[in-house]
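Working notes, beginning with the structure itself.
Since we're looking at a predicted model, the values are computed, not measured. Sequence lines set the chain letters: A, B, ... in the order given, protein chains first and strands last, and positions in each chain run from 1.
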Amino acid sequence: MAQVEIYVGDGAKKILDVDRDLDHEFQTLSGIGDEAYLEDGAVFVHAAGVWVAIRLVRLDDPARYHKPLTDLARTVAGRL
Amino acid sequence: MRDRPALAALADLLRPLADLVAELPRPQRVAAEVVLLTRDSEETVDERVVGAATRSLLENALAAGRPVLVAVDDSPWLDRPSERALRFALRRVGPGLSTLVSCRTDTTSTLRIAPLGLDSGPARLTRLPLAPLGVGALHHLLRERVGATLSRSLLARIAREAAGNPLVAIEVTRAVQRAAPTARRPAPVRPRPEETTVRYLKLAATAAVVAVLTACGGNAEPAAAPPPPNEVTEPAPPIEETEATEPSAEAPAVDACALVTKADAEKLADTPLEDPVPVRETCTYSGPV
């Protein structure tokens, strides 16, 4: 099972805010866009005034996808 | 609220505990029997007594060693007397009671006050926000519950119109099936059959979504009464085309599917994925089904 969801705009920021309210653990990603945050199964990036959330649904160890999520956040920030 | 029978929800909730009613003190017993409709309701029943009876029944069940879970679906639509009685009881019942309450929020609201005063008591409250179902999940749901295997484009339209709400998606799909029994291909009617289907779809979805955009928590009335069932299940005849196929004025300038391509998504997921399904400002890549 695999699913990749991309949210652009206010909806992306909303997901980040909800996850923060739920005390999810975030890792700040420096050097990506204006700000970027990584959590298990998702990455959030803010660049050029636009928020983007990328969620990955996989059933194995979330830590395995931290680097791919970080790499994709960097790519997305460069495209914005 | 006026069209919802008073105390109907509480009666449903207390019915499994009806065998404990006889042990209640008389005022509470009378109130419980009125709620359960096992006694004439000529006798005036004070709301506080209904609340107290509710509390006593829950506590007595716990004291008897029964596992008790109070489950309330779509709490804003509780009839008000039931809501007040539950609010009263849940604040006072001691430890051991589990409560599961669901409510729907619109997509712009922040987390709100918990329904039924659940955030004001000593018990630990856990919030589980449930996001709208994506296209992939709706595909499985509709195949299992409706037996419908829809074309990708139709599934994407249903997902968009239902805003990820599974119940709305089911009703809309059933309406589409009635309008075009062979849902995988457009019905052979009038010059633009696909658009006719979309009109059915939009009308049915619009009627149903009204029920979704209700506030959560507090004592406020829901924003609108739920549509009568026939509005959802019986689509009206086709109407003139609406803005359904017109681009939204609020569409984001950034295309989510262009921002993260299929190759990007497959690299991230480390597995092949199907073609993207864009829905408003989102894009979803799902694994093969």
Strictly by modelled atom types, are A:Q3 and B:S286 linked by a side-chain donor-acceptor pair under 3.5 Å? yes
Give the minimum heavy-atom separation between A:V8 and B:L259, together with the two atoms involved. CG2-CD2, 4.2 Å
Donor-acceptor pair, distance only, cut-off 3.5 Å: does the side chain of A:E35 make one with the backbone of A:H46? no
I need the single residue from A:Q27, A:E25, A:H66 that forms a side chain to side chain contact (heavy atoms under 4.5 Å, CB included) with A:D40. Which is it? A:H66
Less than 4.5 Å to any heavy atom of chain B: does that hold for the side chain of A:I54, its backbone, both, or neither? side chain
Main-chain N/O of B:V260 paired with B:Y285 side-chain donor or acceptor, under 3.5 Å: yes
Give the member of A:R55, A:R64, A:R58 that has the highest number of heavy-atom pairs under 4.5 Å with chain B. A:R58
Which label fits A:Y37 and A:W51: parallel for a plane angle under 30°, tilted from 30 to 60°, or perpendicular past 60°? parallel
Report which part of A:V57 has an atom under 4.5 Å of a heavy atom belonging to chain B: side chain, backbone, both, or neither. neither
Using only non-hydrogen atoms and a strict under-4.5 angstrom cutoff, which residues of residues 67-80 of chain A touch chain B? A:P68, A:L69, A:L72, A:V76, A:R79, A:L80
Could you tell me which non-hydrogen atom of B:L155 sits nearest to which non-hydrogen atom of B:H139, and how far apart they are? CD2-CB, 3.6 Å
